[in-house]
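These values consider heavy atoms only, across backbone and side chains, with no hydrogens, waters or symmetry-generated copies. What you see is a predicted model, and the numbers here were worked out from it, not measured in a lab.
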Amino acid sequence: VLAKFCQAKPPLVKIFSGRITKRLLNKEDYKIEEEVFKRRNQPFEDYDRLQRSDCLKFGEGILNKVLSDLLEDILLPMQVF
């Protein structure tokens, strides 16, 4: 959605690992996650694999793209004069 909004070419795409806090899951999601971990033969525990610095770098790239496009839209018409 954000890549479409930014009209980024090619679209900015990145997949980040996430985190799970069991007590914050609703009953349905809890059951789904519990089953996933069971199939993996792993204990169902809270985890945090989110690489925040990678997320920030990705966000910075999006911000820079939006700002450069805005500046181009503002400055380009001014160069006509």
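Within 6.0 Å of atom CD in Q42, more than 12 heavy atoms from other residues, nucleotides or ligands are found, so the atom counts as buried in its surroundings.
Linking Ile, Leu, Val, Met, Phe, Trp and Tyr whenever their side-chain heavy atoms come within less than 4.5 Å puts L25 and Y47 in one cluster.
With K65 as reference, D69 is the one residue of D69, L63, L67 to meet the side chain to side chain contact (heavy atoms under 4.5 Å, CB included) rule.
Annotation: side chain of L50 is in contact with side chain of C55 (closest heavy-atom distance under 4.5 Å).
Once rounded to the nearest 0.5 Å, the distance linking CD of E33 with CD1 of I20 reads 3.5 Å. We find the CD-NZ distance between E45 and K22 to be 7.0 Å, quoted to the nearest 0.5 Å. Atom-to-atom distance recorded for N26:CG and I32:CD1 is 8.0 Å, nearest 0.5 angstrom. Here R23 contributes atom CZ and D46 contributes atom CG; the two are 7.5 Å apart, rounded to the nearest 0.5 Å. Here NZ of K57 is found 10.0 Å from CD of Q51. Values are rounded to the nearest 0.5 Å.
When the ring pair (Phe, Tyr, Trp, His ring centres under 6.0 Å) test is applied to F44, the partners found at least two apart in sequence or on another chain are Y30, F37.
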